[in-house]
Structures are given as structure tokens and as C-alpha cells.
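The block underneath contains the structure these notes are about, expressed in C-alpha cells.
Within every chain, numbering begins at 1; the chains are lettered A, B, ... in the order of the sequence lines, protein sequences first and strands thereafter.
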Amino acid sequence: MIKIKDLKAEIEGKQILNGLNLEVNPGEVHAIMGPNGSGKSTLANVLAGNEGYEVTGGNVTFFGKDLLEMAPEDRAREGLFLAFQYPIEIPGVSNSTFLKTAINEIRKYKGEPEITAKEFLQLMREKSEILGMTDSLINRSVNTGFSGGEKKRNEIFQLLMMNPKLALLDETDSGLDIDALKIVSKGVNEFRSNDNAVIVVTHYQRLLNYIVPDFVHVLYKGRIIKSGTKELALELEEKGYDWVTNGELQETAV
Amino acid sequence: MSEDMKVVEDLTQSEYKWGFVTDIDADEAPKGLNEDIIRFISAKKNEPEWMTEWRLKAYRHWLKMVEPSWHNVKYPKVNFQDIKYYSAPKRKPQLESLDEVDPELLKTFEKLGIPLEEQKRLAGVAVDAVFDSVSVATTFKETLAEKGIIFCSISEAIRNHPDLVKKYLGSVVPYTDNFYAALNSAVFSDGSFVYIPNGVRCPMELSTYFRINAMDTGQFERTLIIAEDNSYVSYLEGCTAPMRDENQLHAAVVELVALDNAEIKYSTVQNWYPGDKNGKGGIYNFVTKRGACRGKSSKISWTQVETGSAITWKYPSCILQGDNSVGEFYSVAVTNNFQQADTGTKMVHIGKNTRSTIVSKGISAGRSNNSYRGLVKVLKGADGARNFSQCDSMLMGDKCGAHTFPYIEVDNDSAMVEHEATTSKVGEDQIFYLNQRGISTEDAVNLIVNGFCKEVFNELPMEFAVEAQKLLAISLEGSVG
């Protein structure tokens, strides 16, 4: 689905990604873990096409197409979805108007007819129930005046509504209490299928109790320095990042 | 009457004496302004003598006035002798039905998106279309007449309803009011007149489209709306003008009078030509709009969407005279390229327990300048007066300006006046967020801007709200790279 080769990127002249390699296939869930400043969010933003980040090397293909050549909106239309770490407020634009516009833009891109009002309402009802979202939350302006937890839940609601091919979850667990964490995870698990994939970027192992990954990667200084299965996350939790990063330091020192 | 006719005859003859050339397209006055021109306009419109006199009084007063310069806009001095003050389509505009309207004219209206025929059938909107200076078609007059509602051109009202016109014309905006109001009083060419009798709720939205067509013509329309006790009317006004390199002057006056328990809702979508990308050409829109809530518990509500004009200078205001009367002002003003807008409102609280609400949304893009200027004045006797003002500005890019000039004068201790103001920028993070959901940058900007203006659009009648959204999109095209 997505193949990332030797990806290098910088922000404001500072090198963050330093030759990152990753391949994700349909049906898989990959967790990317790492200490602060290791480049987790940079990876998510670079893949989504945030212009604040500059790609300085490597390449990324998404279903065989050159992802880095595409405008951000085209990446989304091709099926890449980023659940933001800090969702943005858009005052005066209702969640439903926003989602309907987004869904129709993607349908237009694929040459499909617009979603009917009836289909849209049904979809809204179905998906909001999974996340226990109230009507008032759906009809309010996008993220405006939402609590941190409500914003994260709204991201996952959008994920379910838009049903993309690849979901990038950028620290979706940050700032969530345990109940909210469970709801958000339930939404992500609902999304999972054999046709799509999820990349979970997180700081803590806790989320991975609920969203169980097939693979876990440790990101450090802009590179993946260790990969494994879900057990790796548990080991990291127990031993701390030093356990792998020390090894990395020794390796690079050689 | 015979005396009037004589005056008219004399004056229409003098038309030949001055050698007016009526070319193929329009019947017009030569450039310049003097008493003869005013008599000519008055005669062209078959006006009674009292009207001619009123115009002349206004003109003589105007001569003594100085063009105001306190506003936050810059433009070269207008040469008032270089403007044609009267221009009418050549075909005699005394038409009984749409069938008699010049087909070319109808085509123009169609281009403007005002299919009169269709509106007649579908929308239930009575349209009084003003093409340059003369009303060419008025629909639905009969349906309205059954309820005793008068909806006609102001020229017609002067001839057919002189008592009403005499009583109310200039009663809200006297010709001495300001420079442009005086000019308008002297030379106004046409406009709309609405009278809603006691206890009548106008069954449809009344609408007028204004359009400046001929070159170098000023448009000076004059609108007068009177709502008697316990009546209601919603009035829509739309404006467009074709592209011209020269600047054109538009100085209108609108007067509203609401008596006991009456409500007037006045909505404007103004899309005069704003000039080109380099600031060449465009309309100077110097307008005086004022409503008097004369009766108890009366209400006047102004809603405006201003996207056009090179310069906009207007302050739709409410004089809250009657106890418990309510004034509202909802405004969206968009400026792009080199446009300048200095707009806002005045709420004057005179009666007890009078309330006013001001919601102003200014959007600046390009190198434009957008100013909100508003006055909230509470007089001594206005016990329990309340005002809430909210002025929000949105900036697009870093070469434009947004300014807020709120004036608050309170002479009553029991009054409560609240003012909130915000300035925001269309953020790159907002655009990226929407991009990431598959929405193009242009659509993203439209969504953000429409969201910003939502409170005002909610006040517009449905079909106007849709038009306003489209206009906003067109006005801001290419403003974010």
C-alpha cells in the first residue's frame, strides 16, 4: 500500500527524518513509537503533505503512485487520512457541512456521484453511534469549543465517515482519559479491515492495549532503529527507550 | 395640474433649446450640474412643482456644503461637473407589462441572474427593476394592491401618492443631512417606494435590482419605505454594475419609517464593479441609509453583504425613537485588491427600553482596506437601553488592513452597552486541515470565510444567502496563493 524509502525531511532547516524506511500492506496495523523529538509527528505531517516540512530526500509510493508529488488534497482523495494531534477549529462551519463537502470532493475525484442527503444522514447516524457522539456535537462548528477529548473523538468520527485506505493516527491518545481512550480505540478497530491499514504514532504503549498492532517500530533520530511485533511495545514500556537507543548510540559510534 | 403641465411643457421644450442629443442607446442629460439640469430631471419625470422646488432647495444647500474627508478612504476628488445626472433607456419606460420591455434589456437582466419571468412564476418575489435611472418593470403590483400595499418607483409615487411622499420624503434623511444626501435630494433619478398599510403583513419579499449601465452616469436612487402600525415588510436590494475604467459615482438615499409594532427588514447584496486588480475604475458607493423606529415596539433590521465598489461609504442606521423599539445591523464587508470600505452603523437610542444589535464581519484581502465605523448613542431619556456590538475582522495575506472605529456615547446610567471585537487571519493550519480532508485550497478558503460570516448570512432570506455565498467566492478568488 505505502512504501517509504530512505525518507529525509527537515523543518526550518533542521533535519528531522534521517533516512526512514517503512512498508505497510493492506490489513496491517503498524505502531510507531519513540521518544520526544524522534520525528513521529514529522513523519505523519510529511506523508499528509504539510508545507511546513521540507522533504530533502527519499521517496514514497502510495498504491504505486508518487505520493510526494501530490498536493495535500489529492493525497486525501487517494485515500490517505491524518488524524491530527491538534485538530484545528473552523468557526461557523458545521461538522456536517464540512464532512459532506469532504466526502463529495473525494467522490468527485473518483468520478462517483454525490452522496444523497439520505445516505449522508444514515452514515452520520451509524458512525456517531459507534463513538457515542451526540447530535449537538455533530452539528456544532468543526472542533470549535470542543474539549481535547471531543476533538480527538471528532477526528475518529471523520475517519469512519470518510473510510480512507490508510489512516495515520498522530498521537491520538494524548490528553485522553481512559474512557475516551476506549471509545477512540473502538472507533479505530471498527475501521480496521483487510483492505485498509493504520499507522499509529504514539508515545505510550497504553493505546496499543486497545488498538493491537501487527508491527511495532521504534523511531529514533529520524530513523527506525528497531522493529518487532506487539511484544516489543511491552518490552519498551518495561525497559524504557534507553534500552534501544543506547544500542543505537553504540552502533553509530562504531 | 394644468399648472404642473405647463411647467413640464416649458421644461421639456427647453430640452431642445439646450440641444440635448438623444443617441441610439439612452436619453440623457449632458454632463454637469446646475439648476437647469435639476429642472430637466424633474421635468423628464413629470414631477409636480413642489418636488422641483424641493430638489432646488437641496441643490442650493449642497452648494454650501463641503465634501466630507473624515472617512478612512482615499480617492481623487470627484469632479461633480463631469458627471451625467440623468440617463434613461431610450424606449419610453411607461410599461404595463414585461412584454413591453425592450428584449435587449431583459437579456441584460438575465445575465445578471434576475430572470423576471421566472421570478414571477417561482420565487414569489415582486421585482422593481431599476435600469440606470428609470424603473422599467414592476411585477406583482396587482397582487400587492389587493392588500393596499403600494410598491412602485419613487417617480410614480411622487405623481400618484403625493401626500405620502410629501409627509415622509426627507423626514428621516433631510437634504441638509450630509453632502451626498443633499446631492441625491437634488438629482435623484429613481428608486423604490413601498407603503404597507395598517395591520398588513406583506405576503412576499419585495426586491429591487439596481444597475449602472451608461458610462459616466451617476446613479442616485432614492428609496422610501413606510410601514404603518402592526405591519411587516421584507425588502431586498441587489446591485451590480458593468466594468468601466472610469470611476462612477453612486450616491443613494434610503429612508425607512416604522410605526407602532411595525417591522421592516432591509437586505442588501451590493456587488458594484470594484475596479480591476490594479485599482483602476470601480464604483464610488456613497450611500445614506437610515431607518426611524418611530412607533412603540417597532423594529428595523438592516442586513448587508458588501462585496463590490471601489469605495464603500455607508452606515445604515436606526433611530430608536419609540419605546421598546429594536434596531439591528448585520453586515459582511469584503474588500480585495485595492478596494476600500468604511462602513458600519449608527444606533441612536431615544425611547425607553430600546435595544440594538450590531454584528459586523469585515474580510480584507489583497491590498484593500476595511474599516468598521459605528456609533452607539444613548440619550438621556432612554432608560433601560441595551446594545450589543460584535465586530470581527478577518485578514487574508499581509498587505491588507482592518480597522475598527467604535464610538460610544451614553447619557443614561441605566443603559448597558457591550462591545466585542476580534481580528483573525485565515490560517495555513486551517487550510491544511481542510486540504487533508480532500478539500481544495480555494474551497477551503470559501468554507472558512462563509463560516466566519455565518451569523450574518443566517439573517438573509434563503435565495439571497446563496447568492451572497457565491459572490463572496468570486470576490476572493485568487486571494490565497
CD1 (B:Ile448) and CD1 (A:Ile88) are apart, to the nearest 0.5 Å, by 10.0 Å
CG of B:Leu447 to CD1 of A:Ile90, rounded to nearest 0.5 Å, is 8.0 Å
A side-chain contact here means heavy atoms from C-beta on lying under 4.5 Å apart; do B:Leu434 and A:Phe98 qualify?
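SC-SC contact between B:Leu434 and A:Phe98 confirmed.
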In terms of heavy-atom contacts, A:Gly49 and B:Phe432 come closest through C-CE1, 3.6 Å
Heavy-atom closest pair (A:Ala76 atom, B:Gly438 atom, distance to 0.1 Å) is CB-N, 3.3 Å
Taking side-chain hydrogen bond (donor to acceptor under 3.5 Å, both in side chains) as the definition, give me every residue that meets it alongside A:Glu126, ordered by chain and number, with sequence neighbours left out.
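Counting only residues at least two positions away or on another chain, A:Glu126 forms no side-chain hydrogen bond (donor to acceptor under 3.5 Å, both in side chains).
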key: Flag if over 12 foreign heavy atoms under 6.0 Å of CG, A:Asn194   = no
When the 4.5 angstrom heavy-atom criterion is applied to A:Pro87 and chain B, the contacting part is both
Fill in: chain B contact via A:Leu80 - which portion, at a heavy-atom distance below 4.5 Å
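Contact with chain B is through both the backbone and side chain of A:Leu80.
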What are the atom names and distances for all donor-acceptor pairs below 3.5 Å between chain A and chain B?
{"unit_1": "A:Arg77", "atom_1": "NE", "unit_2": "B:Gly438", "atom_2": "O", "d": "2.9"}
{"unit_1": "A:Arg77", "atom_1": "NH2", "unit_2": "B:Gly438", "atom_2": "O", "d": "3.1"}
{"unit_1": "A:Leu80", "atom_1": "O", "unit_2": "B:Gln436", "atom_2": "NE2", "d": "3.0"}
{"unit_1": "A:Leu82", "atom_1": "N", "unit_2": "B:Gln436", "atom_2": "OE1", "d": "2.9"}
{"unit_1": "A:Leu82", "atom_1": "O", "unit_2": "B:Arg437", "atom_2": "NH1", "d": "2.8"}
{"unit_1": "A:Leu82", "atom_1": "O", "unit_2": "B:Arg437", "atom_2": "NH2", "d": "3.2"}
{"unit_1": "A:Glu89", "atom_1": "O", "unit_2": "B:Gln430", "atom_2": "NE2", "d": "3.0"}
{"unit_1": "A:Asn143", "atom_1": "ND2", "unit_2": "B:Tyr433", "atom_2": "OH", "d": "3.2"}
{"unit_1": "A:Glu155", "atom_1": "OE1", "unit_2": "B:Arg437", "atom_2": "NH2", "d": "2.7"}
{"unit_1": "A:Glu155", "atom_1": "OE2", "unit_2": "B:Tyr433", "atom_2": "OH", "d": "2.3"}
{"unit_1": "A:Gln158", "atom_1": "OE1", "unit_2": "B:Arg437", "atom_2": "NE", "d": "2.5"}
{"unit_1": "A:Gln158", "atom_1": "OE1", "unit_2": "B:Arg437", "atom_2": "NH2", "d": "3.2"}
{"unit_1": "A:Gln158", "atom_1": "NE2", "unit_2": "B:Tyr433", "atom_2": "OH", "d": "3.1"}

